[in-house]
There are 2 protein chains.
Amino acid sequence: MPRIRHERFDCSPGCTVEGTLRYIDGKWKGVVLYHLFEGTLRFNEIRRRIPNCTQRMLTNQLRELEADGLITRKIYAEVPPKVEYSLTPRGRSLEPVITALKIWGDANVTLVPEVSHAAA
Amino acid sequence: MPRIRHERFDCSPGCTVEGTLRYIDGKWKGVVLYHLFEGTLRFNEIRRRIPNCTQRMLTNQLRELEADGLITRKIYAEVPPKVEYSLTPRGRSLEPVITALKIWGDANVTLVPEVSHAAA
DNA sequence: CATGACGGTATCCTTTTCGACACTATGTGC
DNA sequence: GCACATAGTGTCGAAAAGGATACCGTCATG
């Protein structure tokens, strides 16, 4: 959960940039959203796509995304539990943002093991 | 300084999304970059544009942006110190990303004082 | 002589984040 | 009767991020 970056987002024109970051910040939110653009996924399907994320962390990130109205959680009252996650329209509207992030990353981040101050 | 999100960015296709976030995460980096798109700015010019950011924090953010090769720092050996910050080409290449962030924020974040789990 | 502007540092402390690990319930397969 | 899969929750502790505050040197101005 990112800190509350500001109380209001009108302090300067660039503030809404931070406002958006508030939603997609959180160690795994970007990737989770990215995978949900493919379509609805079950909990463990997401887990398998993001192996480094612990179960607890994934739950947290999903809960925050849900609280922010970006995804919905659909529970099936079945015997082996089944929960499906999918994007809300609001979540889907983030697609250009995630795409921009991915394009830049593909061009500038690709397979860089240590990025600058990682050693500090 | 954001934690090292992954060691490598090839774990899944969405990973470069996180890779990009690594650069613009940090409480004030997004806004700093945003303001530098206007053009070169001196230290205190940036400060005045982001009043809620403490001097120490601003210094930190600028140093990290510099270490990541997104901005350059030009020191003039003058009597009242003068330091100018401007974007590198790499930093400027983030413009579509910041713009996407801003567009979404303007449409979805505008003037929301408390955003969801802020009270938690 | 004191104050302010400039561009920072250093130190301390609190809050947040995140990872490890254990634990839950139910039903199925072996 | 035991393990496994599902989708979680709870607790603990370390590390990182970030805020508050004080301090630095120099020159100009009042």
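Every chain is numbered from 1, with letters handed out A, B, ... down the list of sequences.
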Of the options B:D68, B:L62, B:I71, B:I98, which is the one that meets B:K29 in a side chain to side chain contact (heavy atoms under 4.5 Å, CB included)? B:D68
Hey, does B:Y76 reach any base, or is it just sugar-phosphate, or nothing, if we go heavy atoms under 4.0 Å? nothing
Check: A:E84 main-chain N/O paired with A:T40 side-chain donor or acceptor under 3.5 Å: no
If a protein heavy atom is under 4.0 Å from the base, mark B; if only from the sugar-phosphate, S; if neither, -; do that for nucleotides 20-30 of chain D going 5' to 3'. B------S---
According to ring-ring contact (aromatic ring centres under 6.0 Å, His included), does anything in residues 88-107 of chain B pair up with another residue at least two apart or in another chain? List the pairs. A:Y23-B:W104
Pairs where residues 38-94 of chain B contributes a residue and the test ring-ring contact (aromatic ring centres under 6.0 Å, His included) is met, not counting sequence neighbours: none
Go through C:dG8, D:dA7, D:dG8 for me and flag the one nearest to the A:N44 side chain. D:dA7
Looking at C:dC6, C:dG8, D:dG8, which one has an atom nearest to any side-chain atom of B:R42? C:dC6
Looking at B:R48, does any N or O in its side chain come under 4.0 Å of the phosphate oxygens OP1/OP2 on C:dC6? yes
Output yes when at least one side-chain N/O atom of A:R63 is less than 4.0 Å from OP1 or OP2 of D:dG8, else no. yes
Would you kindly give the CZ-to-P distance between B:R47 and D:dG19, to the nearest whole Å? 13 Å
By side chain to side chain donor-acceptor pair (under 3.5 Å), A:S86 pairs with (sequence neighbours left out) A:T72
Under the side chain to side chain contact (heavy atoms under 4.5 Å, CB included) test, residues paired with B:E45 that sit two or more places apart: B:L41, B:R42, B:R48, B:R49
